[in-house]
Amino acid sequence: MKILLADDSRTTSGPVKAFLAQRGHQVQHVLDGRAAVDAYRHEKPDFILMDNIMPEMDGIEATRIIREMDQQTWVPIIMMTALESKDAMLKGLEAGADDYLFKPIDFDILGARIQAFERIAILQQSLSGVLDNVYEAIITISQTGHIQKFNKAAEVIFGYSAAEMLGQKVNSLMPSHHAEKHDGYLTNYLETQQPKIMGIGRKVQGRRKSGELFPMRLAVTEVKRAKDSLFIGLVQDISAEEAARIRIEYLALHDALTGLPNRAAFNQMLDNFQQQPSSLPHLLLFIDLDGFKPINDTLGHEAGDEALIKVAQRINKLLGKNDFAARLGGDEFVLLLHQRGQQQAAEDFARQLLDLLSQPMQLTAKTASMGASIGALPFMPDTQSNSELLTRADHAMYAAKRDGKGRVNFFNADVSTQ
């Protein structure tokens, strides 16, 4: 062990140093209490032997300062004294000393005391080792919300070192709207014992040192002590988990190639259009590309994929904020235009769309052109089923192809488009 020996008496310190060195311990010897405090600050010994009476600063004051400096790590402190005063012993123990040895030092007792405290220190180090090597961040806070323990995982997750966070308010790890209310949450719990998050795992947002907000899973437990309570927060960074979940949800409703919504998303949106009353007809457009297969056959599938992506981008340019486009599969696309089923508006949009899709595009360093055949179907909400709407728009598109491609065919002649 690294042992700090603070004693201004050469008569006492010499034999003690020799005894400890013989036992295999590393000994740092200082001559006064102030030097003992400095040595503790810079060297972090495993054990301290502290003389009671020294110049500059006595052992009791040095012990008090050391305990105040580091309230997270317990280092055994044994006071050495030639006095047998009960009051002096009580002052030392109240300052933070763990035991007393009386001068002249009995080395058998000193050796036994060191072994006893060494066993306790090993248990503490084992616990600290476990806490610092678990996957989850472990943060302990006082009743006032000040951080008392910040393990290695917490350092990795939040970006702060333990030295930066010990003694700081835990609300610095929260988004501002929660940080401002945190002390009130603690006070309310301590007064009412009504838990809102205590003992309940939930997803919340954390804030890293960089200011980045991230999703985390938090569980808080309370440890009741003799005079107060200690709160232990267990934190998991679920950024990757949430990103994967969002990606899965996105892919469930989107076409992986073009980024447009897919058939499932189209069905949901068509339901929405059908369920919302409207004084004007909507417009359903069913698009099948003309000339797509030759691009795939002559330029390759990579060029075909690039062509579909560019088609999706061109379609998006024409959409209003309440409009919707989806890729059904292959080279088939559908559009839902909100309240744009009146004849003139529908025809104007369809012509604009045909012109845009027929413009040449650069594909894998080669220029290619395509066109489109479009089936158009104005409709009022809830007058036809979803399958009827899609079937009729599909039939209109095939009619456009039969009529020579590169054109729009309006199927519906029954619903008023005035």
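- Counting only distance, with no hydrogens or angles, the side chain of Arg327 and the backbone of Gly330 share a donor-acceptor pair below 3.5 Å.
- The closest donor-acceptor contact from the side chain of Asp8 to the backbone of Met54 lies at 3.5 Å or more, if one exists at all.
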Pair Glu222-Ser229, side-chain hydrogen bond (donor to acceptor under 3.5 Å, both in side chains): steps then yes or no: CA-CA 7 Å; Glu222 178 186 14; Ser229 287; 2.6 Å; yes
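- Considering CG of Leu289 and CE of Met370, their distance stands at 5.0 Å, rounded to 0.5 Å.
- By the 4.5 Å heavy-atom criterion applied to side chains, Ser13 and Leu5 are counted as neighbours.
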side-chain contact (heavy atoms from CB on, under 4.5 Å) evaluation trace for Leu234 with Leu218: CA-CA 6 Å; Leu234 190 66; Leu218 171 66; over 6 Å; no
Test side-chain contact (heavy atoms from CB on, under 4.5 Å) applied to Leu283 and Leu336, step by step: CA-CA 6 Å; Leu283 182 64; Leu336 284 169; over 6 Å; no
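- To the nearest 0.5 Å, the span separating CD on Gln384 from CG on Leu284 amounts to 9.5 Å.
- Nearest heavy-atom pair, Ala372 versus Asp290, reported as atom, atom and distance to 0.1 Å: C-OD2, 3.1 Å.
- Side chains of Gln168 and Glu164: a donor-acceptor N/O pair is absent below 3.5 angstrom, by distance only.
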Steps toward salt bridge (Lys or Arg N to Asp or Glu O under 4.0 Å) verdict (Asp98, Arg67): CA-CA 11 Å; Asp98 298 294; Arg67 290 304 190 210; 2.8 Å; yes
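- Within the 4.5 Å cutoff, side-chain heavy atoms of Asp394 are placed close to those of Met397.
- Looking at Val75 and Tyr40, their side chains come closer than 4.5 Å, going by heavy atoms from C-beta outward.
- To the nearest 0.5 Å, the span separating CD on Gln276 from CG on Asp271 amounts to 11.0 Å.
- Looking at Asp255, its side chain does come within 3.5 Å of a backbone N or O of Thr258 through a donor-acceptor pair.
- Using a distance-only test at 3.5 Å, with no hydrogens or angles considered, a donor-acceptor pair links the side chain of Asn262 to the main chain of Ala252.
- A distance of 10.5 Å separates NE2 of His338 from CG of Asn272, quoted to the nearest 0.5 Å.
- Counting heavy atoms from C-beta outward, Asp237 and Arg208 have side chains that approach closer than 4.5 Å.
- For Phe231 against Ser142, the heavy-atom pair with the smallest separation is CD1-O, 4.0 Å.
- Between Asp46 and Leu4 there is no side-chain heavy-atom pair separated by less than 4.5 Å.
- A salt bridge does not link Arg314 with Asp355: every distance from a Lys NZ or Arg NE/NH1/NH2 to an Asp or Glu carboxylate oxygen is 4.0 Å or more.
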Full working for side-chain hydrogen bond (donor to acceptor under 3.5 Å, both in side chains) between Asp288 and Ser373: CA-CA 5 Å; Asp288 188 270; Ser373 296; over 6 Å; no
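- When every heavy atom of Asn171 is checked against every heavy atom of Arg207, the shortest pair comes out as O-NH2, 4.2 Å.
- By the 30° and 60° cut-offs, the orientation of the rings of Phe379 relative to Phe273 is tilted.
- Taking each heavy atom of Phe292 and Gly304 in turn, the nearest pair found is CE1-O, 3.4 Å.
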side-chain contact (heavy atoms from CB on, under 4.5 Å) assessment of Arg263 paired with Leu253: CA-CA 8 Å; Arg263 182 182 292 269; Leu253 293 173; over 6 Å; no
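- Minimum interatomic distance between Gly291 and Ile295 (heavy atoms only, all atoms of both residues): O-CG1, 3.6 Å.
- Counting heavy atoms from C-beta outward, Ile78 and Tyr100 have side chains that stay 4.5 Å or more apart.
- Between the side chain of Glu388 and the backbone N or O of Ser385 there is at least one donor-acceptor pair closer than 3.5 Å.
- At distances below 3.5 Å, at least one donor-acceptor pair connects side-chain atoms of Thr140 with backbone N or O atoms of Lys149.
- In this structure, a donor-acceptor pair under 3.5 Å is absent between the side chains of Ser161 and Glu155.
- Around CD of Glu302, the count of heavy atoms belonging to other residues, nucleotides or ligands within 6.0 Å does not exceed 12.
- When side chains are defined from C-beta on, Phe324 counts as touching Pro261, because their heavy atoms get closer than 4.5 Å.
- Atom NZ of Lys405 has 12 or fewer neighbouring heavy atoms from other residues, nucleotides or ligands inside a 6.0 Å radius.
- Under the 4.5 Å side-chain criterion, counting only non-hydrogen atoms from C-beta, Leu377 is in contact with Leu389.
- The structure places CD1 of Ile315 at 12.0 Å from CG of Asp323, a figure rounded to the nearest 0.5 Å.
- Under the 3.5 Å distance criterion, the side-chain polar atoms of Tyr250 are matched with a main-chain donor or acceptor of Gly259.
- Electrostatic pairing of Lys293 and Asp297 counts as a salt bridge here, judged by a charged N lying under 4.0 Å from a carboxylate O.
- Residues Glu94 and Lys91 are not paired through a salt bridge, judged by the lack of any N-O separation under 4.0 Å between the basic side chain and the carboxylate.
- Between the side chain of Glu61 and the backbone N or O of Asp58, no donor-acceptor pair lies under 3.5 Å.
- Looking at Asp38, its side chain never comes within 3.5 Å of a backbone N or O of Ala35 through a donor-acceptor pair.
- In this structure, Glu136 does not pair ionically with Arg217, as no charged nitrogen and carboxylate oxygen lie closer than 4.0 Å.
- The local environment of CD in Gln22 is sparse, with at most 12 non-hydrogen atoms from other residues, nucleotides or ligands closer than 6.0 Å.
- Classification of Arg245 and Glu241 as a salt-bridged pair fails, no side-chain N sitting under 4.0 Å from a carboxylate O.
- The CD1 atom of Ile309 lies 7.0 Å from the CD atom of Glu306; values are rounded to the nearest 0.5 Å.
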Candidate pair Ile287 and Leu353, rule side-chain contact (heavy atoms from CB on, under 4.5 Å), full reasoning: CA-CA 10 Å; Ile287 304 169; Leu353 178 59; 3.6 Å; yes
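- In terms of modelled atom types and a separation under 3.5 Å, the side chain of His301 and the main chain of Asn296 share no donor-acceptor contact.
- The closest side-chain donor-acceptor pair between Gln274 and Asn386 falls under 3.5 angstrom.
- Proximity of the aromatic rings of Phe214 and Phe158 is defined here by a centroid distance below 6.0 angstrom, and this criterion is met.
- When every heavy atom of Gly320 is checked against every heavy atom of Arg340, the shortest pair comes out as N-NH2, 3.7 Å.
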